[in-house]
Amino acid sequence: MSEPITPADAVPVVDENQVIAGRRAKLEALRAQGNAYPNSFRRDALAADLHGQFGEAETTALEALGSRAAIAGRLMLKRVMGKASFGTLQDSSGRIQVFCQLNTLGEASYELFKSCDMGDILGVKGKVFKTKTGELSVWADSLELLVKGLRPLPEKHAGLTDIEVRYRQRYVDLIMNPDAKAVFEKRTKIVRFIRNFLDTLGYQEVETPMLQPIPGGATARPFTTHHNALDRQLYLRIAPELYLKRLVVGHFEKVYEINRNFRNEGLSTRHNPEFTMLEFYQAYADYRDLMDLTENMIRDCALAVNGSAQLTNQGREYDLEKPFHRWTMAEAVAKANPDLDASRFNDADYLRPHVKAKGGNPQPSYGAGKLLTELFEATVEATLMDPTFITAYPTEVSPLARRNDDNPDVTDRFEFFLGGREVANGFSELNDADDQAARFKAQVDAKDAGDDEAMFFDADYIRALEYGLPPTAGEGIGIDRLVMFLTDSASIRDVLLFPAMRPEAG
RNA sequence: GGGUCGUUAGCUCAGUCGGUAGAGCAGUUCGCUUUUAACGAAUUGGUCGAUGGUUCGAAUCCAUCACGACCCA
């Protein structure tokens with residue numbers, strides 16, 4: 001369904017008020033005097049640079065140094081006292097105070113400062129000094145208004161707390177809430193750490209299609225789109241998996257990709273329709289190798305970005321220094337459900353009523369593997385707080401994973417849980433082309449039967465497997481959920497700069 | 001999809017039993033040459049999320065809808 005953009009949408013009416021009208025009047029006066037948006041001011045220091053360089057200096061020593069600085073930033077606080085005034089400027093590094101004095105600045109510039117509003121962006125040059133109370137400041141001898149802020153900032157003490165505005169107008173959140181900014185800075189550090197970790201192990205980063213003719217690599221509902229020139233339906237990818245394994249066929253034997261996946265599903269504190277996934281593949285390795293790698297990577301990542309493997313998340317203490325748990329799905333379900341007979345976990349007729357009793361909705365087509373997985377999700381998943389690998393996923397729910405040599409009903413697969421949430425999914429790859437073709441066929445049958453999350457048949461992927469995929473292990477890690485854990489964020493929206501939202505209420 | 005809670009000035013929030021819409025900050029005006037959420041004085045600003053209903057009278061009670069938060073599926 002297409003929704004054409006109308007002129008009314010293109011130029012929406014913006015909210016106005018008395019405060020904005022007053023600031024617009026000031027802007028018009030600035031326009032009348034010349035260029036209201038100059039771009040010639042050059043700064044030579046950030047607020048944090050000055051604090052780092054001079055923060056410890058004695059007042060008299062600083063006076064003797066006579067250092068000067070050119071700083072620029074947003075006016076966040078302002079105190080006018082007749083012929084002398086203070087303002088607080090904020091830049092990317094933090095805040096620094098400026099001192100404006102009629103005698104030093106001259107009447108025109110001093111009046112300009114007095115007429116400035118909170119939120120305006122100023123350029124200030126002057127001597128670096130300390131005030132009577134010892135606060136490092138810049139004594140302005142020149143002052144330039146670089147940008148007139150037309151919209152008032154949130155209240156200076158209480159700040160911006162409305163969670164909806166924080167998500168919809170993230171720029172205001174970032175101006176007002178240093179904690180919010182810190183989360184996204186840490187997110188960048190986490191992603192940088194992961195890239196470096198994998199690069200160091202000899203993995204190569206690649207980019208594979210986001211627009212795919214056949215969406216594969218996961219069971220999820222895809223977004224559809226249309227390529228006009230080819231007159232062809234395309235899908236936004238739900239996973240890069242099948243392309244990355246094609247690359248392993250082509251002897252990129254250690255590859256990874258960190259980028260966006262798209263799934264046409266609901267929104268929640270754990271789900272956003274577009275989210276960031278790390279996927280990596282290593283030839284001549286199995287799922288146990290990847291569990292070891294995952295354990296090392298997450299522990300080292302916490303050490304690198306938090307400085308400690310001990311952390312608090314949503315009020316609970318975690319110690320990533322301890323070995324991560326490793327249980328099979330059947331073990332975990334048996335432990336959580338002592339009333340069940342674990343010897344009958346391969347009996348669909350035995351499991352079905354129990355799934356229903358635990359609040360599940362078992363379909364007649366579900367086999368024992370799918371039913372056991374339902375029990376796991378209903379009774380175990382949310383309880384896995386400490387880092388835990390769950391292994392031996394049923395073949396029935398693992399269409400891309402290699403069967404276990406001793407028990408073909410389960411696969412050499414794990415999922416990794418942290419804080420009660422699934423964070424990673426990895427397995428030894430199915431590299432038997434005929435088995436893979438048969439499992440695609442089963443997925444197509446499920447799709448025909450009405451399961452719109454079932455997979456498509458990807459004939460080119462089968463062709464690639466027919467050339468020979470080396471024995472390989474692969475894994476996907478949900479970056480957003482990992483970031484939530486390491487930044488103690490309750491909602492995925494707190495770690496996405498621009499989370500998906502419904503249109504604003506009109 | 002279901003449930004609970006929320007939506008009042010630009011921001012943060014009060015608003016009693018249904019009886020003329022409130023505060024702080026921001027804004028405007030005045031004073032003030034080392035302030036720290038500066039201070040003192042005066043002052044402007046409201047479709048109480050939207051639409052219906054009950055009532056002599058609704059921010060307040062009821063219904064529906066929108067958006068958001070949380071919980072459940």
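Just so it is clear: chains get the letters A, B, ... in the order the sequence lines come, proteins before strands, and each one is counted from 1.
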Which value, in whole Å, describes the distance between the C1' atoms of nucleotides B:C39 and B:G57? 44 Å
Determine whether any donor atom in the side chain of A:Asp162 lies under 3.5 Å from an acceptor atom in the base of B:U12, or the reverse, and answer yes or no. no
Quick test of your reading of the model: are A:Lys370 and A:Glu396 salt-bridged, counting only N-O distances below 4.0 Å? no
Between B:G19 and B:U12, how far apart are the two P atoms, rounded to whole Å? 27 Å
What residues from residues 45-54 of chain A pass a heavy-atom cutoff of under 4.0 Å to RNA chain B? none
Could you tell me the separation between the CG atom of A:Leu105 and the CG atom of A:Asp141, rounded to the nearest 0.5 Å? 7.5 Å
Per nearest nucleotide of RNA chain B, the residue lying toward the 5' end, A:Arg270 or A:Phe99, is A:Phe99
Short side-chain N/O contact to B:G68 OP1/OP2 from A:Arg502, under 4.0 Å: yes
Can you measure from CG (A:Asn361) to NZ (A:Lys356) and round to the nearest 0.5 angstrom? 6.0 Å
Interatomic distance, CG@A:Leu65 vs NZ@A:Lys127, rounded to 0.5 Å, equals 11.5 Å
Return the value, rounded to whole Å, for the distance between atom CG of A:Leu75 and atom P of B:U35. 19 Å
Return the value, rounded to whole Å, for the distance between atom CG of A:Asn17 and atom P of B:C11. 8 Å
Check if the side chain of A:Gln101 and the base of B:U34 share a donor-acceptor pair of N or O atoms closer than 3.5 Å. no
Fit a plane to each ring of A:His354 and A:Tyr350, take the angle between them on a 0 to 90° scale, and name the class: parallel (under 30°), tilted (30 to 60°) or perpendicular (over 60°). tilted
Taking B:C17 as the reference, what is the distance to B:C61 when you measure between their P atoms (whole Å, please)? 10 Å
Using atom C1' in both nucleotides, what's the gap between B:G52 and B:C11 to the nearest angstrom? 32 Å
Spacing of CG belonging to A:Leu372 relative to CG belonging to A:Asp409, to within rounding of 0.5 Å: 11.0 Å
When the distance from CD of A:Gln169 to C1' of B:G10 is rounded to whole Å, what number comes out? 11 Å
According to a strict under-4.0 Å criterion, is A:Arg493 in side-chain N/O contact with OP1 or OP2 of B:A69? yes
Dot-bracket for RNA chain B, 5' to 3', counting Watson-Crick or G-U wobble pairs under 3.5 Å, with [ ] for crossing pairs and | for inter-strand pairs? (((((((..((((.....[..)))).(((((.......))))).....(((((..]....)))))))))))).
Rounded to the nearest 0.5 Å, how far does CD1 of A:Ile477 lie from OG1 of A:Thr276? 13.0 Å
With P as the reference atom in both, quote the distance from B:U64 to B:U4 in angstrom, rounded to an integer. 11 Å
Between A:Lys156 and B:G10, is there a side-chain N or O to OP1/OP2 distance below 4.0 Å? no
Indicate the ring-plane relationship of A:Tyr318 and A:Phe485, choosing parallel, tilted or perpendicular according to the 30° and 60° boundaries. perpendicular
Using only side-chain N and O atoms of A:Arg23, determine if any of them is under 4.0 Å from OP1 or OP2 of B:A26. no
Phosphate-side-chain proximity, A:Thr161 and B:C13, N/O vs OP1/OP2 below 4.0 Å: yes
Are A:Arg187 and A:Asp480 within salt-bridge range, i.e. N to O under 4.0 Å? yes
Using only heavy-atom distances, decide whether a donor-acceptor pair under 3.5 angstrom links the side-chain of A:Thr131 to the base of B:U35. yes
Rounded to the Å, how far apart are A:Leu136 CG and B:U35 P? 17 Å
For the pair made of CG in A:Asn272 and P in B:G68, what is the distance, rounded to whole Å? 13 Å
N/O (side chain, A:Lys132) to phosphate O (OP1/OP2, B:U35) under 4.0 Å: no
Reckon A:Gly159 touches a base, only the sugar-phosphate, or nothing at all at heavy-atom distances under 4.0 Å? sugar-phosphate
Give the rounded distance in Å between these two atoms: CD of A:Glu107 and P of B:U33. 14 Å
Please report the distance separating the C1' of B:G31 from the corresponding atom of B:A69, rounded so that it comes out in whole Å. 46 Å
Can you confirm whether more than 12 heavy atoms, excluding those of A:Lys125, are under 6.0 Å from its NZ atom? no
When the distance from CZ of A:Arg95 to P of B:U35 is rounded to whole Å, what number comes out? 20 Å
What orientation do A:Phe416 and A:Phe324 show, parallel under 30°, tilted 30 to 60°, or perpendicular over 60°? parallel
Just to verify, which of A:Val423, A:Val380, A:Ile390 counts as forming a side-chain contact (heavy atoms from CB on, under 4.5 Å) with A:Phe417? A:Ile390
With RNA chain B as reference, determine whether A:Gly134 or A:Lys358 sits nearer its 5' end, using the nearest nucleotide of each. A:Gly134
Under 4.0 Å from OP1 or OP2 of B:U28: is there any side-chain N or O of A:Lys26 that close? yes
Separation between the P atoms of B:C65 and B:C25, rounded to whole Å: 41 Å
In terms of side-chain heavy atoms of A:Asn103, which of B:U33, B:C11, B:U28 is nearest? B:U33
On a whole-Å scale, what distance lies between the C1' atoms belonging to B:G15 and B:A9? 14 Å
Relative to each other, are the rings of A:Phe223 and A:Phe262 parallel, tilted or perpendicular (30° and 60° limits)? perpendicular
Just checking A:Thr269: base, sugar-phosphate only, or nothing, at a heavy-atom cut-off of under 4.0 Å? sugar-phosphate
Verify the neighbour count for atom NZ of A:Lys447: are there more than 12 heavy atoms of other residues, nucleotides or ligands below 6.0 Å? yes
In residues 77-87 of chain A, what residues come within less than 4.0 Å of RNA chain B, judged by heavy atoms? A:Leu77, A:Lys78, A:Arg79, A:Val80, A:Met81, A:Gly82, A:Lys83, A:Ala84, A:Phe86
Can you tell me the distance, in whole Å, between the CG atom of A:Leu150 and the P atom of B:C11? 16 Å
